[in-house]
> 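So that we are looking at the same thing, I have put the structure below in structure tokens.
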There are 4 protein chains.
Amino acid sequence: MRARTFTESGRRAQIVRAAIAVIAEAGYLKASFSRIAKHAGLSSTGMISYHFAGKDDLLTACVTEIEEITGAFMQPRIDAAVGHVAQLRAYVESNVELVGEHPDEVRALIDLVKNAGSPSDAVSGRLALFEEHFRTGQAAGAFGAFDVRTTALAFTAGLDAVVATAAANVPEPAELARIGRELADLYVRATAPGSAGGPA
Amino acid sequence: MRARTFTESGRRAQIVRAAIAVIAEAGYLKASFSRIAKHAGLSSTGMISYHFAGKDDLLTACVTEIEEITGAFMQPRIDAAVGHVAQLRAYVESNVELVGEHPDEVRALIDLVKNAGSPSDAVSGRLALFEEHFRTGQAAGAFGAFDVRTTALAFTAGLDAVVATAAANVPEPAELARIGRELADLYVRATAPGSAGGPA
Amino acid sequence: MRARTFTESGRRAQIVRAAIAVIAEAGYLKASFSRIAKHAGLSSTGMISYHFAGKDDLLTACVTEIEEITGAFMQPRIDAAVGHVAQLRAYVESNVELVGEHPDEVRALIDLVKNAGSPSDAVSGRLALFEEHFRTGQAAGAFGAFDVRTTALAFTAGLDAVVATAAANVPEPAELARIGRELADLYVRATAPGSAGGPA
Amino acid sequence: MRARTFTESGRRAQIVRAAIAVIAEAGYLKASFSRIAKHAGLSSTGMISYHFAGKDDLLTACVTEIEEITGAFMQPRIDAAVGHVAQLRAYVESNVELVGEHPDEVRALIDLVKNAGSPSDAVSGRLALFEEHFRTGQAAGAFGAFDVRTTALAFTAGLDAVVATAAANVPEPAELARIGRELADLYVRATAPGSAGGPA
DNA sequence: CATGAATGAGCGTTCATTCAT
DNA sequence: GATGAATGAACGCTCATTCAT
């Protein structure tokens with residue numbers, strides 16, 4: 001058991017934590033070096049530039065740190081699920097439930113993903129993960145026939161929106177669980193095999 | 001009677017068009033007055049301030065302009081559809097097809113909606129529209145039982161993501177139509193009545 | 001009897017009146033052409049530039065207009081007084097009482113005098129008037145021996161301050177009269193002949 | 001222990017000095033950050049914003065700095081005077097003489113006081129000081145009966161005007177002393193007990 | 001006479017980044 | 001390693017003034 005995610009130690013970690021907090025509470029747009037420095041208790045922004053190559057570097061570090069945290073929460077739950085459908089459900093539900101545990105990190109990550117100028121590894125990685133999951137699931141007969149790219153896009157964005165809304169005003173755990181279940185149900189129905197899906 | 005406001009509204013329209021183009025190509029964050037002025041062939045940013053009360057005013061005008069354009073394209077198609085399911089499909093498909101006609105406007109609107117500090121009428125209006133459509137559709141037996149709020153959130157965000165991705169690199173009309181159909185299929189399946197949807 | 005001070009007619013007068021009102025209520029610093037145009041019900045500042053050679057011209061016209069008004073109130077009262085002392089008293093008291101009749105004009109004039117870059121005719125004229133009054137009064141034995149320049153400076157400034165304070169929050173006429181009397185008493189005592197005035 | 005704030009406070013002091021000089025020579029209205037920066041030999045206005053929270057902060061620092069300088073000159077002279085009348089004389093005379101030592105500071109302070117949007121501590125403090133001095137002096141029989149508020153207003157404003165005029169074109173020390181004595185005489189006569197002061 | 005669009009300089013402020021110490 | 005003063009460009013916005021119509 002490790003006390004801290006591996007990312008960084010000392011100052012870097014302190015700055016990253018401050019940056020996440022600032023993005024979570026003030027938004028990406030307002031997350032200037034001076035605001036982050038103030039939140040971190042630093043007397044100047046020079047410290048941040050000293051430890052990070054630039055704003056992108058800091059933001060990337062934030063994404064990495066948050067992914068550590070979210071991964072630590074979600075991955076075991078996903079791994080515990082058996083089958084493509086169950087894993088999709090586990091991904092969605094654990095992501096929504098994560099809001100109850102780490103609302104700041106969730107808020108910040110979504111804001112970062114939204115405002116990322118270039119599609120970061122995080123964003124495209126998750127997209128590729130969904131696509132691949134759908135593809136293998138279709139091959140295994142767990143999912144019906146649908147465009148994996150479009151579906152991956154729509155599902156990740158829809159998940160983010162639900163999660164962001166929940167994170168903006170964190171509900172009770174039970175309500176959070178219900179929302180996760182609802183969304184997972186929706187996605188499972190949408191991807192179930194055998195449905196006609198043709199024009200109504 | 002003279003169309004005395006022609007010149008004035010002409011400049012306003014020109015600035016709005018320039019602003020939309022800049023937001024579409026450089027993003028909301030980079031859409032500064034000077035960039036917009038340069039794009040519009042104006043010699044100074046003062047001209048923009050002359051025609052608009054402030055940045056918010058300009059942005060609001062952009063949203064209004066875009067909504068008019070998108071509404072003119074989508075509304076007839078939606079109105080032509082009969083039944084809740086067909087209308088949902090028409091909304092989704094016409095929105096995706098719209099990318100082929102007005103990629104800049106679509107790109108800009110999504111960026112504007114994303115970065116709107118306060119939920120604008122546009123964004124919350126669409127959400128409410130979806131919710132209400134689902135609610136009445138459920139009452140009419142056209143849709144199954146699901147959380148209308150969560151579904152509206154996920155669907156509008158998913159639709160935006162698909163549309164934004166298409167707008168970033170506009171495909172052939174046929175491909176666009178296919179993507180729209182795929183997404184509509186997905187949504188129709190997800191909301192169809194009679195599906196169990198329980199844990200798999 | 002004339003219905004209007006001679007200054008100007010039509011647009012010019014309208015603009016001058018608006019400028020006075022704006023200076024009175026918002027202060028010299030905020031009295032921009034656009035603010036004045038808005039107050040005058042004009043749609044653009046071009047109208048002001050069309051009628052006045054520049055900001056200085058407009059401001060000078062304001063001063064002239066206000067002096068017309070204040071002169072119409074004060075001059076008869078001063079003329080009615082007999083003797084140097086009584087005239088000094090009449091000047092002071094009528095100036096303070098003027099606040100009850102034309103608070104806006106008084107406020108504006110004082111603000112204009114304060115912020116006049118170069119000493120205007122108005123300001124230096126009044127100073128010269130006081131100096132001359134003291135000089136002839138001393139020759140007539142109505143006033144004691146004192147530096148007329150210093151006294152004129154101190155008295156006009158002191159009068160302005162009292163008047164400005166009263167104009168900022170106009171008191172009852174009776175209170176206004178009392179303040180005028182108090183100030184006049186003060187000035188009369190200070191300039192009375194026969195007082196030693198040496199170091200105490 | 002290190003004098004760590006030396007550099008920082010050095011720059012602040014340098015900027016304050018530059019600001020005072022600019023206000024003194026160009027007036028409050030023209031005292032923009034860029035003008036002050038240029039006068040201070042700084043390459044940009046950003047440096048001023050770096051050291052001061054805003055324009056108000058800088059202006060407040062200027063007032064504080066000037067009050068320290070003027071207090072250091074005037075206070076000993078006032079304290080050395082015995083009795084209410086002598087102290088009034090000492091205040092007036094030392095204030096006028098101060099012009100010979102610190103003309104820029106005097107000019108700047110008067111301009112700052114004039115243009116202070118809200119009555120600063122400086123201006124209302126001095127007014128209260130005069131009022132209180134008159135009140136206690138009247139109780140002690142040193143002054144006659146007069147409205148302390150009106151007198152305080154007129155005297156401080158008159159003193160400012162005399163000082164400002166002297167500062168605009170600094171005379172010889174002897175002339176300065178004479179002007180101070182004249183003004184003090186005037187004020188002493190005006191407030192002396194026993195004078196009738198009624199209508200002449 | 002009158003209009004209002006256009007201009008261009010200037011405002012205070014914030015920003016990410018650099019660099020001598 | 002760490003500091004914080006310094007930089008200079010950019011921001012949205014206001015200003016007095018000009019000028020073609």
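Letters go in sequence order (proteins before strands), and every chain restarts at 1. Note that the coordinates shown come from a computational prediction; the quantities given were computed from them, not determined experimentally.
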> Return the minimal non-hydrogen interatomic distance between A/Phe52 and A/Leu58, and the atom names on each side.
CD2-CA, 3.7 Å
> Can you list the steps and then say if B/Ile66 with B/His102 is a side chain to side chain contact (heavy atoms under 4.5 Å, CB included)?
CA-CA 9 Å; B/Ile66 299 172; B/His102 298 286; over 6 Å; no
> Looking at B/Tyr50, does any N or O in its side chain come under 4.0 Å of the phosphate oxygens OP1/OP2 on E/dA5?
yes
> Can you check the C/Tyr28 OH to F/dA16 C1' distance for me, whole Å?
12 Å
> Which comes earlier along DNA chain F counting from the 5' end, the contact point of D/Met47 or that of A/Leu42, where each point is its nearest nucleotide?
A/Leu42
> May I ask you to decide if D/His51's main-chain N or O and D/Arg12's side chain share a donor-acceptor pair within less than 3.5 Å?
yes
> Which helical stems does DNA chain F take part in, if a stem means at least 3 consecutive Watson-Crick or G-U pairs with both distances below 3.5 Å?
E:2-21 with F:2-21
> Using whole Å, report how far CD of D/Gln14 lies from C1' of F/dA5.
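Interatomic distance, CD of D/Gln14 to C1' of F/dA5: 12 Å.
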> Could you check how far CG of A/Leu29 sits from P of F/dC11, rounded to whole Å?
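Computing the A/Leu29:CG to F/dC11:P distance gives 14 Å.
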> Tell me: CD1 of A/Ile48 to P of E/dT18, nearest whole Å?
14 Å
> Whole angstrom is fine here: how far is it from CZ in D/Arg12 over to C1' in F/dA6?
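Answer to the nearest Å: 17 Å.
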> Rounded off to whole Å, could you give me the CG-to-C1' distance for the A/Asp57 and E/dT17 pair?
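It works out to 14 Å between those atoms.
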> So C/Pro103 and C/Arg107, do their side chains get closer than 4.5 Å, heavy atoms only?
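Contact flag for C/Arg107/C/Pro103 side chains = yes.
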> Using the 3.5 Å cut-off, write out each protein N or O paired with an N or O of nucleotides 9-13 of chain E and the distance between them.
{"from": "E/dC11", "atom 1": "OP1", "to": "D/Ser32", "atom 2": "OG", "distance (Å)": "2.5"}
{"from": "E/dC11", "atom 1": "OP2", "to": "D/Ser34", "atom 2": "OG", "distance (Å)": "2.5"}
{"from": "E/dG12", "atom 1": "OP1", "to": "D/Lys55", "atom 2": "NZ", "distance (Å)": "2.5"}
{"from": "E/dG12", "atom 1": "OP2", "to": "D/Phe33", "atom 2": "N", "distance (Å)": "2.8"}
{"from": "E/dT13", "atom 1": "OP2", "to": "D/Lys55", "atom 2": "N", "distance (Å)": "3.0"}
{"from": "E/dT13", "atom 1": "O4", "to": "D/Thr45", "atom 2": "OG1", "distance (Å)": "3.2"}

> Side chain of A/Asp111, backbone of A/Tyr28: donor and acceptor closer than 3.5 Å?
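The answer is yes, because a donor-acceptor pair under 3.5 Å joins these two groups.
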> Tell me whether the OP1 or OP2 atom of E/dA6 has a side-chain N or O from B/Arg11 closer than 4.0 Å.
yes
> Quick check against the 3.5 Å criterion: does C/Gln14 have a side-chain atom that pairs as donor or acceptor with the backbone of C/Ala40?
yes
> Nearest-Å distance, CD1 (C/Ile36) to P (F/dC15)?
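Going from CD1 in C/Ile36 over to P in F/dC15 covers 10 Å.
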> Does E/dA6 have OP1 or OP2 under 4.0 Å away from a side-chain N or O of B/His51?
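For E/dA6, OP1 or OP2 has a side-chain N or O of B/His51 closer than 4.0 Å.
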> With the side chain counted from C-beta on, respond yes when C/Ile20 and C/Glu105 share a heavy-atom pair under 4.5 Å apart, and no when they do not.
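Yes - at least one pair of side-chain heavy atoms lies under 4.5 Å apart.
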> Do C/Ile15 and C/Leu42 have side-chain heavy atoms sitting under 4.5 Å apart?
yes
> Report the distance from atom CG of C/Leu59 to atom P of F/dC15, rounded to the nearest whole Å.
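One finds 14 Å between P of F/dC15 and CG of C/Leu59, rounded.
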> Which value, in whole Å, describes the distance between the C1' atoms of nucleotides E/dC1 and F/dT21?
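Here E/dC1 and F/dT21 have their C1' atoms 13 Å from each other.
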> Where is the tightest heavy-atom contact between D/Ile36 and D/Val22, given as atom of each residue plus distance?
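Distance-wise, the nearest heavy atoms are CA-CG2, 4.0 Å.
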